[in-house]
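Lettering follows sequence order; numbering is per chain, from 1.
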Number of protein chains: 2
Amino acid sequence: MSTPLSFPPSVARQLSRRSVFEALLHRSPISRADLAKVTSLSKQTMSEVIDAFEQQGLVRPVGRTRGNVGRTAVLYELSPDSGQVLGIDLGAQRLTVALADIAGRVLAEADEPTDSRGGAWTLDQIARLSDRLARDNHTHPSRIRSIVMATPGVVNPKSGAIEMAPNITGLDHLNVVGLLGEKLGSPAVLENDINLALLGEIWHGCARNVDNVAFLALGSGVGLGLYVNGRLVRGENGAAGEIGYLPIGGDPLQAESRLQGCLEYQIGAAGVVRRYREAGGSEVGSERQVFERAQTGDPTAATVVEETARLTALAAAAVIATVDPQLLVLGGSVGSRPDFADKVARLVLQLSARSVEIRTSTLGRRAGVVGALSVALRRLHDEIFGVAELTTALPLPPPAQRSASQ
Amino acid sequence: MSTPLSFPPSVARQLSRRSVFEALLHRSPISRADLAKVTSLSKQTMSEVIDAFEQQGLVRPVGRTRGNVGRTAVLYELSPDSGQVLGIDLGAQRLTVALADIAGRVLAEADEPTDSRGGAWTLDQIARLSDRLARDNHTHPSRIRSIVMATPGVVNPKSGAIEMAPNITGLDHLNVVGLLGEKLGSPAVLENDINLALLGEIWHGCARNVDNVAFLALGSGVGLGLYVNGRLVRGENGAAGEIGYLPIGGDPLQAESRLQGCLEYQIGAAGVVRRYREAGGSEVGSERQVFERAQTGDPTAATVVEETARLTALAAAAVIATVDPQLLVLGGSVGSRPDFADKVARLVLQLSARSVEIRTSTLGRRAGVVGALSVALRRLHDEIFGVAELTTALPLPPPAQRSASQ
DNA sequence: ATTGATTCGTCAATAGACCGAATTAATATG
DNA sequence: CATATTAATTCGGTCTATTGACGAATCAAT
């Protein structure tokens with residue numbers, strides 16, 4: 001329970017390093033004098049810290065100031081080759097990989113169709129694509145120090161293993177984290193794709209600087225990412241946001257509802273197609289066609305789309321009533337269609353007691369990789385400058401406690 | 001943005017003090033030698049810290065060790081009069097007040113019917129009762145250093161003001177925080193009563209040591225408290241957990257639904273009574289009688305109760321699908337009825353994809369005050385030993401960032 | 001070209017905080 | 001009563017950060 005480690009004076013140095021690093025992260029080419037001002041550390045301390053950083057290869061000089069009165073200052077920035085991170089988005093159709101340096105500068109991105117054979121083939125494909133990406137960018141895979149992969153399905157927050165990956169075959173029984181880390185030579189972590197898309201929107205997308213966000217993704221399935229109090233909500237089993245199981249749109253005790261979720265049975269891609277067929281619509285290959293036909297005047301399709309929007313809005317209203325987010329982001333291949341998102345937004349505002357801001361995803365299918373990068377980056381930073389042990393709130397004593405005196 | 005204060009070596013001392021305090025909190029009569037072991041600080045440092053604490057009046061010696069080989073050690077405990085906190089639960093019917101010392105030992109508790117005139121009378125009543133409680137316990141109101149009050153309705157998380165208090169008249173337009181703090185002579189904070197009941201169960205009740213809890217309270221109204229990632233979820237407007245507005249149990253666009261909430265219209269106390277009347281039941285004064293009649297064989301009442309349980313379970317299932325808690329606690333005057341809770345629990349397990357532990361509140365109507373005490377205590381601790389500025393995660397740089405070199 | 005103002009960065013001195021080792025104090029045990 | 005054992009203090013040394021003084025490098029003006 002109680003903190004196992006002592007606090008030698010070096011915590012102070014650790015904190016100093018941390019705040020210098022943070023300043024470097026945000027105002028990159030910067031002089032030691034300015035760093036001292038920003039961090040309100042002394043110039044002296046600053047020189048010591050920067051020297052250490054430079055010896056470590058974390059930081060490098062980039063030119064000097066010019067034009068100002070007074071002596072010129074040496075400018076520093078985070079060294080791009082001091083550490084890199086890899087983000088992977090493993091989708092059922094598409095595999096995307098991106099590389100960023102320690103300062104969060106995105107160096108490169110690549111994607112290709114996912115190997116449909118699944119299992120070990122998929123892992124091989126990931127390794128190959130990542131490797132190529134690194135080499136094409138004049139860097140070496142060994143520089144990569146943190147890897148995060150977005151995957152559909154439920155990721156167990158304790159073991160980090162994939163528990164249900166409906167659309168990618170043969171991954172549930174593999175030690176994906178272990179194998180991936182081994183193949184790529186650095187620690188890898190998995191996270192649900194919707195959660196990472198949400199984090200992507202928070203870092204680079206439409207949800208910047210918002211602390212309470214709900215991300216509703218509607219595509220082949222329906223899912224929710226939750227960001228509350230500035231932190232991702234995973235849930236006890238990693239199953240937070242599995243709103244396919246919301247008791248909305250049908251009888252939740254029915255067989256289909258129990259199997260794939262009451263709501264998902266209706267508004268998932270398969271559900272949309274089924275409802276269109278049941279309503280007498282002609283044969284379609286995918287849910288996309290239903291939406292396209294609705295736009296070109298097919299009344300049956302329009303009704304199906306309308307009902308889909310209504311159910312989506314009900315789900316959104318349920319989430320809003322439960323967590324009261326500041327912002328609702330609509331995403332996914334269906335959810336981010338402008339016509340559809342508009343309908344949903346209008347309905348949500350009618351349904352909710354208080355008004356919520358609603359936006360559509362700006363990163364689209366890139367959201368997953370970007371989010372993966374952001375987590376990989378954060379993990380790397382924590383590894384170098386972590387102060388996790390110090391941050392926990394003072395736990396209150398258990399009830400049994402009674403005064404020893406009197 | 002960046003940390004405004006510097007880190008003189010005294011952060012180290014602050015952290016040491018903090019961890020010594022924590023150890024004192026949990027293993028109260030304890031010697032300096034043992035403290036040194038537990039915190040893994042040196043005996044030397046420990047003596048310095050304890051000396052300072054003693055001078056400050058935070059700690060006091062209580063006897064010595066006996067019976068062991070070697071020199072006896074002086075035992076210390078947190079001094080009960082070094083700081084006290086007050087918890088208040090302002091209910092529509094009942095006003096409860098409790099006093100605890102800095103170590104979380106509950107010193108006294110008192111309650112009486114709420115002054116039905118509301119507004120300023122209620123505030124006066126609170127001040128009077130609190131004052132009496134302090135004096136009856138040989139302490140002085142001036143020793144109280146932190147006050148937290150539970151109140152029904154939505155509390156704005158930014159201003160701390162009551163925004164909707166449906167059952168207590170004349171409080172919404174008063175500066176309750178200010179007046180209360182003034183009357184009682186120390187800083188006061190408001191929090192929603194269900195949120196505090198949840199925190200009460202987490203501190204002293206049935207949800208100890210659980211990090212993801214949903215507390216579903218069903219009484220005159222219906223509400224939810226959410227505890228996620230070890231923190232309370234308030235929502236952007238303090239309206240998280242307003243599940244009366246879940247689109248369950250009726251048409252969410254209907255006038256009643258929009259006004260008081262779709263779900264609440266059905267399963268709130270008024271809704272239960274109304275449904276019983278509509279189903280042909282004889283006249284009843286309160287929802288309680290409906291539940292009692294159901295138990296004594298009234299078939300109409302039984303049907304109404306059954307439907308209430310079903311809707312409650314649907315709401316619970318919605319919450320579980322959204323946040324995936326480890327534990328669901330049922331509370332409130334209706335929700336904690338054993339017969340009712342059993343029904344709901346059975347239904348929830350049928351409805352949810354994965355099994356969740358379900359318990360009923362163990363603190364009952366005390367939950368609110370206990371939770372208020374826990375928050376008041378935490379605020380006091382943070383005031384003395386806060387390290388809040390250091391705990392924020394390293395923010396990632398914004399997307400605009402580009403390398404200055406090349 | 002010289003001088004002055006201004007800013008950058010280092011040096012040296014000092015204070016706060018920690019630890020480990022040695023020392024003194026107080027007790028139980030044989 | 002001597003001895004082992006544990007508690008607490010004293011002392012010396014290390015690490016970190018601050019402060020003020022000072023040299024170095026530049027722009028601006030004479």
Measuring to OP1 and OP2 of C:dC18, would you say a side-chain N or O of B:Ser16 lies under 4.0 angstrom away? yes
Distances under 3.5 Å between nitrogen or oxygen atoms of protein and nucleotides 2-6 of chain D:
from, atom 1, to, atom 2, distance (Å)
D:dT6, O2, B:Arg71, N, 2.9

side-chain hydrogen bond (donor to acceptor under 3.5 Å, both in side chains) filter on A:Asp51, not counting sequence neighbours, yields none
Test side chain to side chain contact (heavy atoms under 4.5 Å, CB included), reference A:Ile102, set A:Ser82, A:Ser146, A:Ser79, output is A:Ser82
Return the value, rounded to whole Å, for the distance between atom CD1 of A:Ile50 and atom P of C:dC8. 14 Å
Salt bridge (Lys or Arg N to Asp or Glu O under 4.0 Å) pairs, two or more places apart, involving residues 35-47 of chain B: B:Asp34-B:Lys37
Report yes if a donor N or O on one partner sits less than 3.5 Å from an acceptor N or O on the other, where the partners are the side chain of B:Glu48 and the base of C:dC18; otherwise report no. no
Rounded to whole Å, CD of A:Gln44 lies from C1' of D:dG20 at a distance of 12 Å
Rounded to whole Å, the CG-P distance (A:Asp51 to C:dC8) equals 17 Å
The nucleotide from D:dA17, C:dG9, D:dA8 with an atom nearest the side chain of A:Lys43 is C:dG9
If you assign each of A:Arg17 and A:Arg64 to its closest nucleotide in DNA chain D, which residue comes earlier from the 5' end? A:Arg17
Among D:dA8, D:dT10, D:dA17, which nucleotide sits nearest the side chain of B:Ser31? D:dA8
Side chain of A:Arg13, heavy atoms from C-beta onward: which of D:dA8, C:dC19, D:dT16 has the nearest atom to it? D:dT16
B:Gln14 CD to C:dC18 P, straight-line distance once rounded to whole Å: 11 Å
Kindly write out the residues that satisfy salt bridge (charged side-chain N to carboxylate O under 4.0 Å, His left out) with B:Arg145, not counting sequence neighbours, or none if the list is empty. B:Glu383
Short side-chain N/O contact to D:dT19 OP1/OP2 from A:Ser42, under 4.0 Å: no
Whole-Å distance, A:Leu35 CG to C:dT10 C1', equals 17 Å
Could you tell me whether A:Glu54 and A:Arg60 make a salt bridge, using a distance below 4.0 angstrom between a side-chain N and a carboxylate O? no
Please list, chain by chain and in numerical order, all residues satisfying side-chain hydrogen bond (donor to acceptor under 3.5 Å, both in side chains) with A:Gln326, sequence neighbours excluded. none
Under the side-chain hydrogen bond (donor to acceptor under 3.5 Å, both in side chains) test, residues paired with B:Thr65 that sit two or more places apart: none
Give one of base, sugar-phosphate or nothing for A:Arg66, where a contact means two heavy atoms less than 4.0 Å apart. nothing
Starting the side chain at C-beta, find the nucleotide from C:dT10, C:dC19, D:dT9 nearest to B:Arg32. D:dT9
